[in-house]
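Scope of the values below: all heavy atoms of this structure, side chains included, with no hydrogens, waters or symmetry mates.
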Amino acid sequence: MSRNRLFGSLCAMVFLANFARVVFAPLVGEFIDEFTIREGTAGLVVTLAWLGSASPRIPTGWVLTRTSRVSIVLVSGVMLTLGALGVALAPGVPTLMLAAFVVGSASGVYFVAANPFVSELFPERVGRVMGIHGMASQLSAVIAAPVVTVSLWYDWRYAFYGLALAAALTTVLVVVLARRTDLPDAGRSDTDFFGGARSEWKIIVAGVVLVGLASFVWQGLFNFYELYMIDKGLPPATARNLLTVIFAAGVPAFLVSGEIADRLPNVPYILGIVTAFLVSVVLAVLASSIVAVVLASVLVGFSVHMLFPAGDTYLLGSLPDESRASAYAVYSAGMMTTQAAGSWVVGEAIEAGASYDAVFLTSAGGLAVLVVVYAVLNALGRVPGGAAHT
């Protein structure tokens, strides 16, 4: 069977894995009302979902040196099904936090196994297939807010019941198609997890710091974007729909960025993306009219979502077969741990009395410093990897 069909099923799975993470953002207000909590606690619920996505990545990387990518994808599907049911049935905040962590963990297990797997299915088109895979992931983010809006007509928990059912069916589909497909041999020599990660520590650190800190700012921004827009004076419905605008702008960004990443040196390209993102954050803060806010939101969504396929192409395209999964697991764990704290930090800062404008402008300033430092290091030849696959 064609690898394209298996790839299609993986795109369906990544759609659900990402939906499980981003659906918490438009529900922050609902959590505050239903469970009688403050912004800091609500932000912690979201952070736990993303910390869950980070926590299993290193153990999963080790397991990948002992078993197949497909087996790990199967495990992630089962975890996603159970975690979604846990959120839907949560009677209180502790259970909600635990279930959010499990849902996030399922996505972490999936991405560590599936991203190297996808790059190995199509080794001559790493940027393109990572872009398509990421675009499928991003489509779930586009529908997250509308799904929440529809489910709120009845009960927000219905969104998670539907997620559990879809995850179970898609998991079965992936396994069936994988058994009928001629799978690649790449990665079978990756049997020394710690040795592989240790041999690539420079590019791991470079990726974690650059992509992780930019994603940290993104986490804090998008998980509080709805409340921030309400604070700016926009109606709640408009504020929620702006999340859809941001995520919709990211759909073409994945495809475009994946194609470009195959053609340009990755490090300067990523620095350009981070620069565009920090400028878009400043514009979102300065925007006052609805037209200006919408345009700034489009720029935020497009620029930040170009980062993710570029970052994956940078790592997966630079790492050799014998250490790809091991090194990528360590990178993704570090990157996800770094970004996961973004929503909690922003929530605590707002609860302590800081304004949204001050928090986001400070974040943009920090990214500007990061870009300058990396630009200097790259000019000196001190940033490893990143040659384009021309």
Side-chain angles (χ1 to χ4, degrees), residues 17-29 31 39-55 57 97 100-101 103-105 107-108 111 134 137-138 140-142 144-145 207-229 242-243 246-247 249-250 253-254 270 273-274 276-278 280-282 284-285 297 300-312 331-351 354 356-367 370:
N18 193 54
F19 178 86
R21 300 185 303 184
V22 301
V23 74
F24 286 95
L27 285 171
V28 167
F31 294 155
E39 289 87 349
T41 305
L44 181 57
V45 172
V46 179
T47 288
L48 283 170
W50 290 89
L51 279 176
S53 189
S55 63
R57 296 190 179 219
M97 288 181 171
F101 186 83
V103 165
S105 297
S107 69
F111 280 108
S137 168
Q138 188 61 19
S140 67
V142 174
V208 167
V209 175
L210 181 55
V211 181
L213 290 180
S215 300
F216 172 92
V217 175
W218 164 237
Q219 278 287 316
L221 179 67
F222 94 81
N223 282 305
F224 282 89
Y225 205 71
E226 178 182 343
L227 297 181
Y228 179 38
M229 292 297 108
L242 279 175
L243 269 179
I246 284 180
F247 292 134
F254 273 92
I270 292 173
I273 292 172
V274 175
F277 172 55
L278 73 88
S280 71
V281 172
V282 174
V285 171
S297 299
V300 166
F302 189 84
S303 59
V304 76
H305 289 107
M306 292 186 75
L307 175 65
F308 305 122
D312 281 341
Y331 154 75
S332 61
M335 186 270 291
M336 286 300 303
T337 302
T338 301
Q339 71 162 299
S343 56
W344 175 64
V345 170
V346 170
E348 290 293 337
I350 298 303
E351 189 172 320
Y356 283 107
D357 287 351
V359 170
F360 294 140
L361 285 176
T362 300
S363 299
L367 287 183
L370 179 69

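Judged by distance alone, with hydrogens and angles left aside, the side-chain atoms of Ser55 form a donor-acceptor pair with the main-chain N or O of Gly52 at under 3.5 Å.
For Ser297, the side chain to side chain donor-acceptor pair (under 3.5 Å) criterion is met by Tyr225, not counting sequence neighbours. Applying the side chain to side chain contact (heavy atoms under 4.5 Å, CB included) criterion to Val304, with sequence neighbours excluded, gives Trp218, Phe277, Phe308. Judged as a side chain to side chain contact (heavy atoms under 4.5 Å, CB included), and not counting sequence neighbours, the contacts of Ala20 are Leu80, Val103, Leu163. Applying the side chain to side chain donor-acceptor pair (under 3.5 Å) rule to Ser343 yields the partners Thr47; only residues at least two apart in sequence or on another chain are considered. With sequence neighbours excluded, the residues satisfying side chain to side chain contact (heavy atoms under 4.5 Å, CB included) with Val208 are Ile204, Tyr331, Thr338. Remark: Thr41 pairs with Ile37, Val93, Met97 by the side chain to side chain contact (heavy atoms under 4.5 Å, CB included) rule, at least two apart or across chains. Scored by the ring pair (Phe, Tyr, Trp, His ring centres under 6.0 Å) test, Phe101 finds no partners at all (sequence neighbours excluded). Legend: residues meeting ring pair (Phe, Tyr, Trp, His ring centres under 6.0 Å) with Phe302, ordered by chain and number and at least two apart, are absent.
Side-chain atoms of Val359 and Val345, non-hydrogen and from C-beta on, never get closer than 4.5 Å to each other. Side-chain contact between Phe247 and His305 is present, with at least one heavy-atom pair separated by less than 4.5 Å. Annotation: side chain of Asn223 is not in contact with side chain of Val346 (no heavy-atom distance under 4.5 Å). Val28 has its side chain out of reach of Phe24: every pair of non-hydrogen atoms, C-beta onward, lies at least 4.5 Å apart. Looking only at side-chain heavy atoms (C-beta outward), Asp357 and Tyr228 come within less than 4.5 Å of each other. Taking the side chain as every heavy atom from C-beta outward, Leu227 and Tyr356 approach each other to under 4.5 Å.
The line from CH2 of Trp344 to CG of Leu48 is 11.0 Å long, rounded to the nearest 0.5 Å. Rounded to the nearest 0.5 angstrom, Leu221 CG and Phe216 CZ are separated by 12.0 Å. Between the CG atom of Asp312 and the CG atom of Leu307 there is a distance of 9.0 Å, given to the nearest 0.5 Å. Expressed to the nearest 0.5 Å, how far OG of Ser137 lies from CZ of Arg21 amounts to 6.0 Å.
Contact between Ile273 and Ala310 at its shortest, heavy atoms only, is CD1-CB, 3.8 Å. In terms of heavy atoms, Val282 sits closest to Ala364 at CG2-CB, 3.8 Å. Considering every non-hydrogen atom in both Gly104 and Ser107, the closest pair reads O-OG, 2.6 Å. Scanning all heavy atoms of the two residues, the minimum distance from Ala54 to Met336 falls at CB-CB, 3.3 Å. Residue Ala214 comes nearest to Val274 through the heavy atom pair CB-CG2, 4.2 Å, listed as atom of the first residue, atom of the second, then distance. When every heavy atom of Gln138 is checked against every heavy atom of Gly250, the shortest pair comes out as CG-C, 3.5 Å.
Partner Ser215 forms a side-chain contact (heavy atoms from CB on, under 4.5 Å) with one of Leu213, Val211, Val217 and no other, that one being Val211.
Applying the salt bridge (charged side-chain N to carboxylate O under 4.0 Å, His left out) test to residues at least two apart or on different chains, none of the pairs has a partner in residues 332-345.
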